[in-house]
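We name chains A, B, ... by the order of the sequence lines, and we start the count at 1 in each one.
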Amino acid sequence: MWDPWLSIRQHIVRELALRLGAHGYPESADALERQLDDAPSGVADFGYATHRAAKSVGTPPERLATELAADFPLGGGLARVTSEGAYVNFHADTPRLIESTLELVFARGPEYGRGPPRTEKVCVEHTSANPTGPFHVGRVRNGVIGDTMARILRAAGYPVTTEYYVDDMGRQSAMITWIWSMPVDQWPPEVREGARPPEGVSAATEKADHWYGRPYRSVSELLKKDPLAAQQVGELVRQVESGNSPARHREIGEAVLKGMLASLARIGIRFDEFVWESTLVQDGSVGRVIERLRKAPHATVEENGALALDARGYGLPKENATIVVTRGDGTSLYPTRDVAYHLQKFSRFARVIDVLGQDHQLHARTLVAMLTEVGEARRPEFLIYQDITVPEGGRMSTRKGKAVNLDDLLDEAVERAHAEVLKRREDLSEDQVTEIAQHVGAGAVRFHVLRIAPDKPVKFRWEEALSFEGRSGPFLQYSYARAASILRKASREAPPYPFEATALTTHEETELVRAIGRLPGTVAYVSRTSHVHTVATYAFGLAEAFNRFYQSVPVLRAEEPAKSSRLALVAATRQTLGNTLDLLGVERLERM
RNA sequence: GGGCGUGUGGCCUAGUCUGGAUAGGGCAUCGGGUUCCUAACCCGAGGGUCGGGGGUUCGAAUCCCCCCACGCCCGCCA
């Protein structure tokens with residue numbers, strides 16, 4: 001037993017199938033499961049629209065609804081069946097629902113919401129940004145979505161590994177090594193000018209991603225008009241590919257990555273594994289992929305010796321009907337190396353999920369075409385999200401100078417949170433205030449990115465990202481803290497929580513129980529659909545239900561048995577909201 | 001030009017996969033609520049051609065077709 005709504009749904013669907021069958025309308029329980037709607041709130045728990053069945057049977061829908069409701073068998077947590085117009089309405093046995101929901105929450109504790117264990121190993125690869133400089137806000141959507149998806153899949157019962165694919169082989173990371181391989185005072189003037197650190201900032205005082213990343217944009221500009229510099233960078237790429245990369249290359253890459261990961265850690269994103277692209281070249285996997293592609297059905301060789309694939313027939317855009325596998329000098333390209341990486345992932349995992357920005361959509365299809373060409377039938381599942389754009393238009397880009405640094409956003413969020421905490425709480429120590437502010441700021445930013453469907457483009461606006469009110473991370477944290485506070489004052493911070501289901505009778509109480517009961521279904525839904533934002537929507541609804549309860553129903557000042565029962569309800573809310581916050585990667589706060 | 005995605009009150013958004021009851025929320029605006037468990041909260045009000053047009057259906061924000069607008073991609077970059 002892991003979902004308090006499951007038995008009642010199953011009962012309804014099973015009996016409905018039987019009764020509709022008796023009316024001459026055969027429909028499987030599975031099909032009916034999909035047709036069973038949530039009834040409008042206040043009307044009932046579930047509703048079934050009879051129009052379709054009625055039409056097929058030749059009975060007026062209203063009559064069919066009346067007939068079905070009249071002698072529908074109760075039980076399984078179903079207390080009452082009514083009809084309204086063409087709808088059959090199913091009402092749960094509320095005391096029984098309260099009992100099964102709260103008991104389940106207390107029995108499972110931190111495990112509440114999780115599904116039955118599964119054995120298929122899943123890999124969620126996300127973020128995988130080049131180690132060339134600090135994260136901007138546009139990039140973190142990938143990490144937030146990927147990290148949350150991984151948390152949800154774990155909750156759904158899968159063994160999950162998160163991976164960061166570190167691209168240390170491309171031109172972009174070579175650019176950083178190239179510029180830092182010479183003393184700063186010998187840098188080309190335009191680079192030195194463009195990369196000048198602000199007053200008082202040095203390598204010792206600044207995070208490595210910010211420090212090493214500073215010249216990135218200027219170098220990128222320089223390479224467009226300086227063939228000699230471009231040639232030197234190209235030479236470096238060849239060195240890396242042949243395994244003779246300067247030690248500095250890996251050192252800088254690791255330093256920059258470390259700085260980047262520190263930023264992600266601030267919003268709860270961590271990785272299980274890192275796969276450095278260069279290792280795939282050095283262990284020969286990329287070479288083997290190139291050899292297999294050379295013998296592939298549609299392999300061709302371009303005039304300058306570049307190996308390519310004639311990809312017509314793969315549904316790629318016309319101009320892109322050729323996939324280039326190696327450069328003229330024989331060095332590999334990113335899609336080719338990514339094939340090697342995917343073959344490796346397939347050997348380690350049953351399911352491979354790639355979180356990709358929409359700008360990688362074509363890459364995804366290229367990758368699939370190349371996998372076909374090497375005779376690999378397995379496919380990654382792509383979780384595609386739209387970009388975060390800048391209000392003036394266009395997506396964030398460090399190179400174009402249109403980007404907001406994640407660290408800057410977080411610093412600002414934490415600063416504002418600090419001011420808010422100070423305003424509200426005079427009793428806390430400076431350390432407590434600082435800690436709360438960090439989690440509130442981080443929670444606001446992470447939730448802001450998470451609350452919107454991945455399919456939707458997001459326009460970045462400071463005021464929205466920094467909102468602590470309404471549908472926000474801090475609202476959830478505040479709700480959790482309120483629940484924690486009541487339990488603390490009652491000295492009831494741990495089980496057991498005895499309760500009497502019949503003592504919980506107000507609309508606010510029963511709605512809160514219903515919300516608590518919806519977590520397992522939400523987890524199952526998201527693990528199936530990858531609609532990670534649904535967890536954010538759920539969390540908000542739960543917190544809202546709790547705040548309404550809090551407002552209208554006294555707990556500590558109530559008489560028994562209401563008092564104990566309400567304390568149990570508060571404890572169940574704290575557990576459920578806490579488990580949900582864990583899924584969202586938003587820190588729980590016992591006080592704020 | 002082709003491919004993918006998006007379009008829901010002033011702004012942001014859920015619902016779209018699997019069609020079903022008066023399209024839910026948040027921000028902003030206006031009006032209320034704290035001698036009482038944390039007002040980062042709660043209650044109420046106004047505000048909607050669900051981008052436009054056709055179609056399918058008993059029924060369309062949801063499915064199909066056409067069109068419009070916006071974003072991204074269409075490198076021997078990643």
NA contact type, [X], heavy-atom cut-off 4.0 Å: base, sugar-phosphate, or nothing?
X: A/M169; answer: nothing
X: A/G47; answer: base
X: A/V325; answer: nothing
X: A/F475; answer: sugar-phosphate
X: A/G85; answer: nothing
X: A/V237; answer: nothing
X: A/A453; answer: sugar-phosphate
X: A/V458; answer: nothing

Round to a whole Å and report the spacing from [atom1] of [X] to [atom2] of [N].
X: A/K224; N: B/G75; atom1: NZ; atom2: C1'; value: 13 Å
X: A/H533; N: B/C12; atom1: NE2; atom2: P; value: 17 Å
X: A/I323; N: B/C76; atom1: CD1; atom2: C1'; value: 13 Å
X: A/E221; N: B/C77; atom1: CD; atom2: P; value: 18 Å
X: A/F546; N: B/U38; atom1: CZ; atom2: C1'; value: 10 Å
X: A/Y385; N: B/C4; atom1: OH; atom2: P; value: 20 Å

* Under 3.5 Å donor-acceptor pair, A/N304 side-chain atoms to B/C76 base atoms -> yes

* To do: Not counting sequence neighbours, list each pair that qualifies as a side chain to side chain donor-acceptor pair (under 3.5 Å) and has a residue in residues 38-52 of chain A.
  => A/D45-A/R514

State which residues pass ring pair (Phe, Tyr, Trp, His ring centres under 6.0 Å) with [X]; sequence neighbours excluded, sorted by chain then number.
X: A/H448; result: none
X: A/Y25; result: none
X: A/F135; result: none

Using Watson-Crick or G-U wobble geometry with both distances under 3.5 Å, which nucleotide pairs with [N]?
N: B/U16; answer: none
N: B/C72; answer: B/G3
N: B/A45; answer: B/U29
N: B/C37; answer: none
N: B/U22; answer: none
N: B/G9; answer: none
N: B/C63; answer: B/G55

Rounded distance in Å between the [atom1] positions of [N] and [M]:
N: B/C50; M: B/G10; atom1: P; answer: 13 Å
N: B/G25; M: B/G19; atom1: C1'; answer: 22 Å
N: B/C27; M: B/C72; atom1: C1'; answer: 28 Å
N: B/G54; M: B/C68; atom1: C1'; answer: 15 Å
N: B/G52; M: B/G9; atom1: P; answer: 10 Å
N: B/G47; M: B/U56; atom1: P; answer: 34 Å
N: B/C70; M: B/U8; atom1: P; answer: 15 Å
N: B/U18; M: B/A61; atom1: C1'; answer: 15 Å

Can any side-chain N or O of [X] pair as donor or acceptor with the backbone N or O of [Y] at less than 3.5 Å?
X: A/T279; Y: A/W276; result: yes
X: A/D37; Y: A/A39; result: no
X: A/R141; Y: A/Q386; result: yes

* Structure fact -> For residues 465-491 of chain A, the ring-ring contact (aromatic ring centres under 6.0 Å, His included) pairs (sequence neighbours left out) are A/F475-A/F540

With sequence neighbours left out, what residues match [X] under salt bridge (charged side-chain N to carboxylate O under 4.0 Å, His left out)?
X: A/D168; value: none
X: A/R171; value: none
X: A/D310; value: A/R312
X: A/E435; value: none

* To do: Return the 5'-most residue of the pair A/N89, A/Q172 with respect to RNA chain B, ranking by each residue's nearest nucleotide.
  => A/N89

* Closer to the 5' end of RNA chain B via nearest nucleotide, is it A/T326 or A/F46? -> A/F46

* Among B/C76, B/A21, B/C12, the nucleotide that comes nearest once only the side chain of A/R327 is considered -> B/C76

* Structure fact -> Out of B/U6, B/A14, B/U38, minimum distance to the side chain of A/A481 belongs to B/U38

* Would you call A/K563-A/E560 a salt bridge at under 4.0 Å N-O? -> no

* Contact state string [nucleotides 22-36 of chain B, B base, S sugar-phosphate only, - no protein heavy atom under 4.0 Å] -> ---SSS-----B--B

* Structure fact -> Per-nucleotide protein contact along nucleotides 67-73 of chain B, 5' to 3', at a 4.0 Å heavy-atom cut-off (B base, S sugar-phosphate only, - neither), is ----BSS

* Under 3.5 Å, is there a donor-acceptor pair linking the side chains of A/E373 and A/Y314? -> yes

* For A/Q35 and A/E27, test the side chains for any donor-to-acceptor distance below 3.5 angstrom and give the result as yes or no. => yes

* Asked: Should A/S485 be listed as having a side-chain N or O under 4.0 Å from OP1 or OP2 of B/C37?
  -> no

* Asked: With stacking defined as ring centroids separated by under 5.5 Å and planes differing by under 30°, is A/H51 stacked against B/G59?
  -> no

List every contact pair, protein side and nucleotides 16-19 of chain B side both N or O, where the distance is under 3.5 Å.
{"residue": "B/U18", "atom": "O4", "partner": "A/R528", "partner atom": "NH2", "Å": "3.2"}

